[in-house]
Every structure is written in structure tokens, then in C-alpha cells.
Amino acid sequence: MAGYPEKESVKNNSNIISGVMYFYIHFVTEVLCFYTLYTYTGTRSEVWLFFLAYDMLAFVPQALIGRFSDRFPKLPLGAAGLIFLAAALLLFQARAGTYLPLTVLCLGNCMVHVNGAEVTLRTSGGKLAGSAIFVSGGSFGVVTGRLMGSAGMPDGILFVLALTALPLTLLAQRYILNDARPQTEQCRDFRYIKGGAAKGAVIALAVVIVAVRGYMGYGIPTSWNKTLVQLVMLFSFMGTGKALGGILADRFGFRRTAMVSTALAAPLLMFGDNIMAISLVGVMLFSMTMAITLGLIVSAIPKTPGLAFGWTTIGLFMGTAPAFFFRLRTTAANCVMIAALSILCLAIMWLIIRKDPENE
Amino acid sequence: MNDILWHLDDVFLSMVERPVLILGAVFAAITAAAVLLTVRSLRDSDDA
């Protein structure tokens, strides 16, 4: 086991610094994507199809691009992704159809996400805070992009934002370039699954938990969510929960954080339909499972963190796609669904997550 | 050029009765490829 400075990244905080840098890059990426979606699709009749295609093309290919990035982790995919995003915006401005610019936009989104995952996971030393902070930036970006698109902001601002993120992607990439360890060893400290658990099954079950989180994001009853400020609050709590999941898992234990946050979230989500404060805390707690599922999948395939991250986004699409076709209309049905899915997630976590070491 | 691209949009939306089916097929193909890559990655981990 000796020979590599495996905890170096934790000692010099590069795991947190790369996470914070990618928080901003991820924020900018989602602002660009959602600004574009809301600016250039608002009046089209097939807008729902456009959003479904966006979800599919932005989420699912991350597994393949992730595997490609695992093979060549030193490629500056983040910078390339930002250039793709800017190019997509130009194509939309030039009225070059819909689905070509959309595909370019989604590919750019994929590249930035995969690079963020590669950088934050490979520099993490087996900790989750960096990746969790990176992922949380997306929630803030989604709501900001929606607001900017709906408000009719000029496109020029988006190009400036992309430019501000570009040097950060190159800087974050330095952490991988400077790492002396073989690339297949950089995530070997992720050991969150029970010994003896079938790793293929662990991946499948973790994807189920991600899909549940994706479904909950659309399906939870939030009658209180009527104003702009409330919408911003909802996304902000979601983002904060994602970041806290990783931070608390590192501090208090992976299994403890997973089980406690999911168990506490269920009743708050069920009974927070009309009470914003209760609902928001529930959303925040349930969002903590993001870091947990990522940690589980990376533990199963530590040599390919990009592919592992891609499985979380496939799960997210599997959870959100049904919302395009049907929704539970009554509060009672939603409550039953939330309770059933939460119990399912708890059971899965109990089955596959190893016990926390005593000193955590 | 733009006309051609818009035409392709129309082709996508009109000739294919349910574009959702295309998206579903793309999803299935990518997921199947991801499964194969994951199996290989799991084998690599076991060999190490």
C-alpha cells in the first residue's frame, strides 16, 4: 500500500480547492445551458420534447464520455466543454435549427461534468466533500440560468461567464497533471461498500437510489412553491444538501449520514406540502444521497471514476424521464410513493454500505 | 445551410411519428454500452 502520497490531496486541501473551483465551473455550465433552453425554446410547441431530449443527451452520454476520459484523464475536457457550450449558444443565435445546437450544448455539458468528476474524485483521497461541492454548484446554476433566460438577459453576459470559468478549468486540471500516482490508483481510497457485496449489484442498486432522488426532485408535493423567491429557495436548499452530504459523510461517517439523512427526509417531504420550511429541510436532507451514491459506485469501479460518475447521471435520467409522461396528482398518492421509495432506499443502503470506522 | 438544418428538424418531428422512440433507442444503446464497459471495468478490478 505504501509508495504513493495517497493522502497528500487531503493534507494540502486540493480536494476541497478543486471542488470549490468546479462548483463555480459547474454553476456557469448550468447557467449557460438553462439560459439557452429558456431563451430559445420558450415559444415552441414541442418544448417538452426539447427538454426531454436535453435531459437524455446531457445526462446519459456522460457514462461513455466518462469512460473515454478515464482512458485519457489529462485531456482538458472541461475547457473543451465550455467552448462547446459557447458554440451552441452561437448556433442558436444563428438560428441553425434546434437539434444540432441542442446536441452541441449537451455534449459541452457532458464534457464539463465528466471533467469535474475526474478532477474532484482523483484528487479526493477517498473523501467526498470535493465532489459533493462540485455537484452542488449545478442546482444554483439551473435556477440562475432559468431566471436569466426568462428575464431576457443579453447573450453577451453568458460568453463573459464562460470566459471566467475557462481559466479555472485549466487550473483545476493541473491537480491531475501534477499527480504522480498511476491513474488507475488515484481513487483506490474509496472503500464504502460492504466486503463480499457483489460490485455489479452495488452499482445497480446505487443507480436505483439516484433514480429515486431524480424522481423525488420532480414528484415531491410542493404546493407552497409559487413565487420566484420560493423557487430560488428550493434549488438553493437542494444544492446545499448535495454539498452537505459529502461534507457530513467525511466528518461523521458515510453510512451514518446516508441512513440518518434519508430517514429524516421522508416525513419532512411527506408533510411539507404546504409548509415551506419543513419541505425545504426535507429536500436538503434527501439531496445528501447524491454524494453517497457517487461514493458507492466509485468504490465498485475505482479505476474508472468517469464511468462511475456517468452511472449517477444515467440514474438521474431514469428518475426524471417518467415525470415527462405522468405525475401523481393527489397528495396522498405522493405520500405513499415517498414513503415506499424512502424505505426502499434505506433498505438498499443498509444492505450495501459498510459500517463506519469507530473513529469517525 | 440553415434551411437544411431546419428541414432536418422537421424531418425529425414529422416523419418519425414518435421522436420519443428515437430518444428511447438512443438511451437503450448508450446504457447497453455503459453496461458492457462496466463489466470490463469490474473484471479489471477483480484481476488486480
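The figures here come from the full heavy-atom set of this structure, side chains too, leaving out hydrogens, waters and symmetry mates. Worth saying up front: this structure is predicted, and the values here are computed from it rather than measured. Quick note on labels: first sequence line is chain A, next is B, and so on, each numbered from 1.
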Supply the atom-to-atom distance [X] [atom1] to [Y] [atom2], rounded to the nearest 0.5 angstrom.
X     : Y      : atom1 : atom2 : value
B:L42 : A:T304 : CG    : OG1   : 8.0 Å
B:I30 : A:L57  : CD1   : CG    : 7.0 Å
B:R40 : A:R67  : CZ    : CZ    : 7.0 Å

message: Could you report the tightest heavy-atom contact between A:L307 and B:A34, atom names first, then the distance?
response: CD1-O, 4.4 Å
- prompt: Which heavy-atom pair separates B:A33 from A:L64 by the least distance, and what is that distance?
  reply: CB-CD2, 3.8 Å
- request: Check whether A:F317 gets within reach of chain B through its side chain, its backbone, both or neither, counting any heavy atom under 4.5 Å.
  value: side chain
Decide yes or no for [X] and [Y]: does some side-chain heavy atom of the first lie under 4.5 Å from some side-chain heavy atom of the second?
X      : Y     : value
A:W311 : B:T31 : yes
A:I314 : B:F27 : yes
A:I301 : B:D44 : no

Pick from A:I203, A:V60, A:L52 with the largest number of heavy-atom pairs that fall under 4.5 Å of chain B: A:V60
- prompt: What part of B:V35 lies closer than 4.5 angstrom to a heavy atom of chain A: side chain, backbone, both or neither?
  reply: both
